[in-house]
Amino acid sequence: MSILTTVKEVLRASTQSANRGDVTEEMSQGAYWCDDCNERIRDVDVEGAGTPNCPTCGDEMRFERSQGSTGCAC
């Protein structure tokens, strides 16, 4: 690995982009969260349209994290 490649990777990681790794990964807008069970499902992992139900308790999950935010949804 050359020094130029290392510098490019450091600069790319320091940007304010939510996609900090594999650019082939589907871009997530956020995640669905169940407050009672602490279950989290990424929006790109949800099949179909609409808000999913929690796999543990069956209640409707809420959407967290807006499209404009970066980093972890923790």
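In this text the structure is predicted, and so the values were computed from the model without any measurement.
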[atom1]-[atom2] distance between [X] and [Y], expressed to the nearest 0.5 angstrom:
X: C34; Y: R62; atom1: SG; atom2: CZ; value: 9.5 Å
X: F63; Y: T51; atom1: CZ; atom2: OG1; value: 9.5 Å
X: Q29; Y: E64; atom1: CD; atom2: CD; value: 13.5 Å
X: R42; Y: Y32; atom1: CZ; atom2: OH; value: 12.5 Å
X: M61; Y: N53; atom1: CE; atom2: CG; value: 9.0 Å
X: T56; Y: E39; atom1: OG1; atom2: CD; value: 3.5 Å

- Are any of the side-chain heavy atoms of N38 and W33 separated by less than 4.5 Å?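 A side-chain contact exists here, since the closest heavy-atom pair is under 4.5 Å.
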
- Message: What I'd like to find out is whether the side chain of I41 reaches to under 4.5 Å of the side chain of P55, using heavy atoms alone.
- Response: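 SC-SC contact between I41 and P55 confirmed.
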
